[in-house]
Amino acid sequence: MTLTIEPTYQVNIHCPLCELSFSSTKVRSSHIRVTTRDADFCTHFVDETINPHLYYVSVCHYCGYASSRHFSTTFHEKAVQIIYQSISTQWKGKNYSGVRTTTEAIETYKLAIYCGIIKKEKQYALAGLYMRLAWLYRKGQDEQNEHRFLSLALQAYQSSYTNCDFEHSTMSEPLILYMIGELHLRLENIPDAIRTFSKVVSHPSKKMEPMIVEKARDQWQFVRQQQKKQ
């Protein structure tokens, strides 16, 4: 008898707001089958129902607090009050712990963005939410909403770069700059895209990020060639 291993599994999470524990779904890496990746790292899968981005946000069943792994576990007093008043009092035990549809995943992202803004989370963490939400809209061919959240991601990455709030995170300065350049390109801010990609290519830490530098160089050359044709 062959034992079938499900593509998703449950993890136990302690809610830093209400301090109760709840379960959240994750995708087993062994079941992820990648087909292609876009230049902004949007990944396409053989089976889009087994997409780890659908489960990137964790939502507490009890109070409705939503977060990503990049969120802090601390709250200022006003944030606690606002989240309780605007979310928890109306929550009614909604549960996102099972298999999520794209629509449900979008709901969790918007909830996490709301919580993150109230908590004043770091801009790179909010940018990650905006990006992944834009990717979900891209897969649904909703160009208007995709561009809306790409624009918000651009603003957040620019703020993160200016304030250096990405320090001590998994993000590096060349990567932040690359994302800014790529978002400028996708939003058709061509001069800004060229200028930002050139910063990546000439960055003092470029030897530490060869893949990012190579991607920036490719995009920089592509845009310049397109400009010459026009």
Side-chain angles (χ1 to χ4, degrees), residues 11-26 40-42 51-92 94-97 100 102-138 142 145-173 175-176 179-180 182-183 187:
V11 295
N12 198 53
I13 296 176
H14 179 79
C15 177
L17 181 63
C18 69
E19 299 188 345
L20 294 173
S21 294
F22 65 95
S23 60
S24 187
T25 304
K26 300 296 176 186
D40 64 352
F41 301 107
C42 175
N51 177 349
H53 298 309
L54 296 174
Y55 305 98
Y56 182 72
V57 173
S58 299
V59 185
C60 178
H61 313 336
Y62 304 103
C63 67
Y65 172 66
S67 63
S68 79
R69 61 188 177 86
H70 294 295
F71 277 27
S72 69
T73 56
T74 58
F75 296 79
H76 57 82
E77 186 176 347
K78 189 174 181 182
V80 173
Q81 293 173 353
I82 294 173
I83 293 172
Y84 267 125
Q85 289 170 5
S86 59
I87 298 175
S88 304
T89 56
Q90 305 170 52
W91 189 243
K92 299 178 181 178
K94 188 163 185 177
N95 193 329
Y96 286 102
S97 68
R100 289 180 190 170
T102 299
T103 299
E104 289 171 331
I106 288 171
E107 291 172 3
T108 68
Y109 275 96
K110 290 182 176 178
L111 193 58
I113 288 167
Y114 179 68
C115 290
I117 291 172
I118 291 170
K119 284 187 67 193
K120 302 185 187 304
E121 287 291 344
K122 292 186 176 182
Q123 288 297 305
Y124 82 88
L126 290 173
L129 291 172
Y130 293 135
M131 285 299 304
R132 288 169 175 81
L133 183 48
W135 295 343
L136 293 181
Y137 281 120
R138 183 179 304 168
D142 185 341
N145 273 313
E146 178 194 346
H147 282 196
R148 174 190 172 198
F149 286 100
L150 289 178
S151 295
L152 289 169
L154 174 58
Q155 293 172 32
Y157 277 129
Q158 287 176 318
S159 178
S160 179
Y161 174 68
T162 300
N163 299 316
C164 297
D165 78 357
F166 60 89
E167 291 183 349
H168 310 297
S169 77
T170 55
M171 298 291 290
S172 66
E173 189 167 305
L175 178 54
I176 289 274
M179 294 305 298
I180 291 171
E182 179 61 26
L183 288 166
L187 296 169

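All figures in this text were calculated on a predicted structure; none of them were measured in a lab.
In this structure the side chain of Leu111 never reaches within 4.5 angstrom of the side chain of Val57, judged on heavy atoms. Side-chain atoms of Leu150 and Tyr137, non-hydrogen and from C-beta on, never get closer than 4.5 Å to each other. Looking at Tyr62 and Cys15, their side chains never come closer than 4.5 Å, going by heavy atoms from C-beta outward. Put simply, the side chain of Cys18 does not reach to within 4.5 Å of the side chain of Tyr65, judged on heavy atoms. The side-chain heavy atoms of Ile82 and Phe75, taken from C-beta on, include no pair separated by under 4.5 Å. For the pair Tyr161 and Met179, the minimum side-chain heavy-atom distance is 4.5 Å or more. Side-chain contact between Phe22 and Ser97: absent, with no pair of heavy atoms (C-beta onward) separated by less than 4.5 Å. Contact annotation: the side chain of Arg100 never approaches that of Thr25 to less than 4.5 Å [non-hydrogen atoms, C-beta and beyond].
With sequence neighbours excluded, the residues satisfying salt bridge (charged side-chain N to carboxylate O under 4.0 Å, His left out) with Arg138 are Asp38, Asp40, Glu146. Residues passing the side-chain hydrogen bond (donor to acceptor under 3.5 Å, both in side chains) test with Ser86, sequence neighbours excluded: Tyr114.
Of all heavy-atom pairs between Met171 and Ile176, the closest is CE-CD1, 3.6 Å. Across all non-hydrogen atoms, the minimal contact from Leu136 to Ala105 is CD1-CB, 4.0 Å. Taking every heavy atom of both residues into account, Gly64 and Ile87 meet most closely at O-CG2, 3.7 Å. Taking both residues in full, the closest heavy atoms of Tyr84 and Cys63 are given as CE2-CB, 4.5 Å, listed atom of the first, atom of the second, then distance. Shown here for Ile13 and Ser58, the closest heavy-atom pair between the two residues is CD1-OG, 3.2 Å. Scanning all heavy atoms of the two residues, the minimum distance from Ala66 to Thr108 falls at CB-O, 4.2 Å.
The distance from the CD1 atom of Ile106 to the CG atom of Leu54 is 9.5 Å, given to the nearest 0.5 Å. Note that the NE2 atom of His14 and the SG atom of Cys60 stand 9.5 Å from one another [nearest 0.5 Å]. In this structure, CD in Glu107 is found 7.0 Å from OG1 in Thr103, a value given to the nearest 0.5 Å. Here the CG-CG distance, from Leu126 to Leu129, works out to 6.0 Å after rounding to the nearest 0.5 Å.
The aromatic rings of Tyr56 and Tyr109 sit parallel to each other, their planes meeting at less than 30°, with 60° as the upper class boundary.
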Report the C-alpha separation of Phe166 and Leu175 in whole Å, then their side-chain angles, then the decisive distance to 0.1 Å, and conclude whether the side chain to side chain contact (heavy atoms under 4.5 Å, CB included) test is met.
-> CA-CA 10 Å; Phe166 60 89; Leu175 178 54; over 6 Å; no
Test Thr170 against His70 for side chain to side chain contact (heavy atoms under 4.5 Å, CB included), laying out the working first.
-> CA-CA 9 Å; Thr170 55; His70 294 295; 3.8 Å; yes
Test Leu133 against Asn145 for side chain to side chain contact (heavy atoms under 4.5 Å, CB included), laying out the working first.
-> CA-CA 9 Å; Leu133 183 48; Asn145 273 313; over 6 Å; no
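The only member of Lys110, Arg132, Met131 that meets side chain to side chain contact (heavy atoms under 4.5 Å, CB included) when paired with Phe149 is Lys110.
A salt bridge (charged side-chain N to carboxylate O under 4.0 Å, His left out) check over residues 116-125, counting only residues at least two apart or in different chains, returns the pairs Lys119-Glu121.
Between the side chains of Tyr130 and Gln155, no donor-acceptor pair of N or O atoms lies under 3.5 Å.
Using modelled atom types, no side-chain atom of His61 and backbone atom of Ser21 make a donor-acceptor pair closer than 3.5 Å. With hydrogens and angles disregarded, no donor-acceptor distance shorter than 3.5 Å links the side chain of Ser160 to the backbone of Ala156.
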